[in-house]
Amino acid sequence: MRSIIINKYGGPEVLEYVEMPKPVAGRGELVIKTKFAAVNPADWKVRQGNLKIITGRKFPKTLGIEASGIIDSVGEGVSSFVPGQHVFAAKDYTTGTYSEYFKISEKNVLLLPESMPFEDAASIAVTGVTAYQCLLRHGGIEEGMNVLVNGASGGLGIMSVQIAKILGATVSGVCSSKNVEFVKSLGADTIIDYTKENILDSESRFDIIIDSAGNLNLKNAKKLLSKRGIIIKVNISMQTIRELVFTSKFSSKKIKLVLMRVIKEDFQWVRDQIAMGNLKVYIDTVFDLKDCKKAHEYSETLRAKGKILLKA
Ligand SMILES: NC(=O)c1ccc[n+]([C@@H]2O[C@H](COP(=O)([O-])OP(=O)(O)OC[C@H]3O[C@@H](n4cnc5c(N)ncnc54)[C@H](OP(=O)(O)O)[C@@H]3O)[C@@H](O)[C@H]2O)c1
């Protein structure tokens with residue numbers, strides 16, 4: 001089978017399109033024939049070696065943390081899946097989905113309605129579930145709350161704006177001029193075009209700030225928070241770590257770092273909202289698996305409007 005692997009950390013040039021042995025399902029595992037694997041910023045952060053503490057130094061590595069596909073075979077002890085079913089799966093960072101086939105624990109797999117396009121399924125986990133968990137599990141979203149999504153036109157931002165609206169919030173979105181109409185069409189009530197105004201000058205107060213763009217922190221954005229407000233960070237940085245340590249010391253949790261966790265009921269919620277048509281999936285570009293280098297280069301520009309996919 002064809003796979004994208006890396007034999008060392010580095011730039012897009014370390015991505016190799018090679019022949020690898022097809023995996024065999026172990027106990028409690030499935031082998032999935034990939035339809036689409038999503039390219040997320042986390043993948044090129046792994047490729048660059050920024051997550052070495054998790055991904056280690058063993059090579060070769062296959063990148064990719066989410067994919068949709070068809071079950072090819074099931075291992076011993078698997079009772080809830082059979083070959084031929086359409087599924088979606090999310091993995092950890094250590095072995096990936098950029099491959100014609102991949103194996104995975106059945107715990108990380110979700111059935112798709114037959115009517116759901118495989119492309120749409122690629123927005124369930126890293127963008128959909130993260131947005132849901134940021135808003136609900138960490139932000140404690142309630143109807144009528146004021147939510148700010150900084151980076152509203154990217155993969156995570158698109159899902160955050162829509163999910164916050166579904167959950168009854170008033171939503172403001174920060175994006176560049178070219179994406180103003182698009183973010184409006186997602187349901188955002190107010191748009192801040194960051195090329196014309198600085199959100200830090202705003203008089204508004206927010207209960208939840210999702211900082212997808214990564215340039216807000218307690219130091220510069222605390223004044224944007226309501227009394228019970230919280231900034232949710234999705235990227236690890238020294239500033240965030242310092243602020244997390246500081247606020248935990250004084251027990252006023254004004255900032256949180258959130259990493260997506262595989263919780264099946266959250267996956268089901270996002271899948272069902274997509275299936276019901278409440279949550280719309282936006283695909284920016286689909287690349288062939290062999291063109292993974294181009295896909296990474298594009299993702300690294302941080303200009304994507306929605307998901308970037310690899311077609312296996
Ligand atoms: N913790 C987690 O579990 C988790 C999960 C998902 C994502 N993330 C992280 O969240 C970040 C966003 O991910 P993503 O998938 O949404 O990335 P993405 O799709 O590549 O985001 C691209 C978007 O970022 C916007 N953007 C760039 N600079 C901006 C700025 N200064 N202000 C506002 N918007 C800006 C761009 O909009 P314009 O073209 O309009 O500027 C573009 O639409 C990444 O760093 C990723 O690693 C973390």
Side-chain angles (χ1 to χ4, degrees), residues 37-48 50-51 54 63-66 90-93 122-139 148-163 172-186 188 191-200 202 209-217 220-221 224 231-237 239-241 244 255-263 266-267 270 281-285 287 295-309:
V39 172
N40 289 293
D43 302 344
W44 45 263
K45 292 175 190 173
V46 169
R47 192 208 68 220
Q48 290 168 342
N50 294 346
L51 302 177
I54 303 167
L63 303 182
I65 45 183
E66 60 180 344
K91 293 184 72 109
D92 62 18
Y93 298 106
S123 269
I124 292 176
V126 178
T127 48
V129 171
T130 305
Y132 180 72
Q133 291 179 345
C134 285
L135 288 162
L136 200 81
R137 291 193 182 272
H138 300 277
L148 174 71
V149 180
N150 183 37
S153 55
L156 181 59
I158 290 171
M159 284 291 160
S160 303
V161 170
Q162 294 184 87
I163 292 174
S172 301
V174 181
C175 61
S176 67
S177 308
K178 69 175 192 312
N179 289 322
V180 165
E181 288 310 315
F182 171 64
V183 174
K184 224 181 261 176
S185 76
L186 299 174
I191 316 288
I192 299 96
D193 175 349
Y194 69 79
T195 66
K196 296 187 176 144
E197 48 185 319
N198 187 342
I199 182 63
L200 297 175
S202 170
I209 298 179
I210 297 190
D211 183 26
S212 180
N215 53 7
L216 299 181
N217 50 58
N220 64 12
L224 296 179
I231 300 179
I232 298 195
K233 301 289 294 179
V234 286
N235 287 301
I236 301 175
S237 72
Q239 170 99 22
T240 302
I241 291 167
L244 284 168
I255 187 161
K256 262 191 190 181
L257 174 67
V258 171
L259 298 177
M260 189 271 287
R261 285 194 300 141
V262 176
I263 300 175
D266 295 358
F267 274 58
V270 175
V281 169
Y282 293 85
I283 311 290
D284 183 302
T285 311
F287 293 88
H296 270 224
E297 282 163 356
Y298 181 45
S299 177
E300 283 181 69
T301 65
L302 292 178
R303 290 279 87 80
K305 196 164 103 181
K307 294 296 276 195
I308 300 171
L309 301 181

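Every number for a ligand or one of its atoms is a count from 1 in the order of the listing. Here the structure is a predicted model, which means the values were calculated and not measured.
- Between the side chain of Glu66 and the backbone N or O of Val126, at least one donor-acceptor pair lies under 3.5 Å.
- Here the protein heavy atom with the shortest distance to atom 21 (O) of ligand 1 is Gly154 CA, 3.5 Å.
- Defined by atom type and a distance below 3.5 Å, a donor-acceptor pair is missing between the side-chain atoms of Ser176 and Thr195.
- If you look at Ser176 next to ligand 1, the close heavy atoms, those under 4.0 Å, come from the backbone and the side chain alike.
- Residue Asn179 has at least one N or O atom closer than 3.5 Å to an N or O atom of ligand 1.
- Considering both main-chain and side-chain atoms, Ala304 comes within under 3.5 Å of ligand 1 through a nitrogen or oxygen pair.
- Proximity of Lys45 to ligand 1 is established by a heavy-atom distance of less than 4.0 Å.
- Residue Ser299 has no nitrogen or oxygen atom sitting less than 3.5 Å from a nitrogen or oxygen atom of ligand 1, judged on distance alone.
- Backbone and side-chain nitrogen or oxygen atoms of Pro41 are examined, and none is located within less than 3.5 angstrom of a nitrogen or oxygen of ligand 1.
- Of all heavy-atom pairs between Ala304 and Tyr298, the closest is CA-OH, 3.6 Å.
- Counting heavy atoms closer than 4.0 Å to ligand 1, residue Val126 contributes atoms from both its backbone and its side chain.
- With hydrogens left out, the protein atom closest to atom 41 (O) of ligand 1 is Tyr194 OH, 2.4 Å, a heavy atom.
- With respect to atom 11 (C) of ligand 1, the closest heavy atom belonging to the protein is Ser212 O, 3.4 Å.
- Counting heavy atoms only, Gly155 comes closest to atom 19 (O) of ligand 1 of the residues Ala38, Gly151, Ala213, Gly155.
- Remark: minimum distance from atom 27 (C) of ligand 1 to any protein heavy atom is reached at Arg303 NH2, 3.0 Å.
- Side-chain N or O atoms of Ser160 include one that pairs as donor or acceptor with a backbone N or O of Leu156 at under 3.5 Å.
- Residue-ligand proximity, Leu156 to ligand 1, at heavy-atom distances under 4.0 Å covers atoms 7 (C), 10 (O), 14 (P), 15 (O), 16 (O).
- Between the Asn179 side chain and the Gly154 main chain, no donor and acceptor come within less than 3.5 Å of each other.
- Ligand-side atoms of ligand 1 in range of Asn215: 31 (N), range being under 4.0 angstrom from any heavy atom.
- Of all the heavy atoms of Leu302, the ones lying under 4.0 Å from any atom of ligand 1 are found in both the backbone and the side chain.
- Geometrically, ligand 1 and Val234 share a nitrogen or oxygen pair separated by less than 3.5 Å.
- By the 3.5 Å distance cut-off applied to N or O atoms, Met260 is counted among the residues near ligand 1.
- Neither the backbone nor the side chain of Asn40 has any atom closer than 4.0 Å to an atom of ligand 1 (non-hydrogen atoms only).
- Ranking protein heavy atoms by distance to atom 37 (O) of ligand 1, first place goes to Ser153 OG, 2.9 Å.
- Taking CD from Gln133 and CD1 from Ile263, the interatomic distance works out to 4.5 Å, rounded to the nearest 0.5 Å.
- By the 6.0 Å contact criterion, CZ on Arg137 is enclosed, its count of non-hydrogen atoms from other residues, nucleotides or ligands being greater than 12.
- Counted by atom type alone, Lys45 and Asn40 present zero donor-acceptor pairs between their side chains at under 3.5 Å.
- Atom 1 (N) of ligand 1 has as its closest protein heavy atom Val258 O, 2.7 Å.
- The backbone N or O of Phe182 lies less than 3.5 Å from a partner atom in the side chain of Ser185, making a donor-acceptor pair.
- For the residue pair Ala131 and Ile163, the shortest heavy atom distance occurs at CB-CD1, 4.0 Å.
- Of the possible donor and acceptor atoms, none in the side chain of Asp284 sits under 3.5 Å from a partner among the backbone N and O of Gly306.
- Not one N or O on the side chain of Lys256 forms a donor-acceptor pair closer than 3.5 Å with the backbone of Gly139.
- Taking every heavy atom of Leu259 and a limit of under 4.0 angstrom, the matching atoms of ligand 1 come to 1 (N), 3 (O).
- Remark: Lys307 fails to qualify as a cation-pi partner of Tyr282 under the 6.0 Å distance and 45° angle criteria applied to the six-membered ring.
- Residue Thr130 approaches ligand 1 through these ligand atoms, each under 4.0 Å from one of its heavy atoms: 2 (C), 3 (O), 4 (C), 5 (C).
- An N or O contact shorter than 3.5 Å links Lys178 to ligand 1 by distance.
- With rounding to the nearest 0.5 Å, the separation of NE2 in His138 from CG in Leu136 is 9.5 Å.
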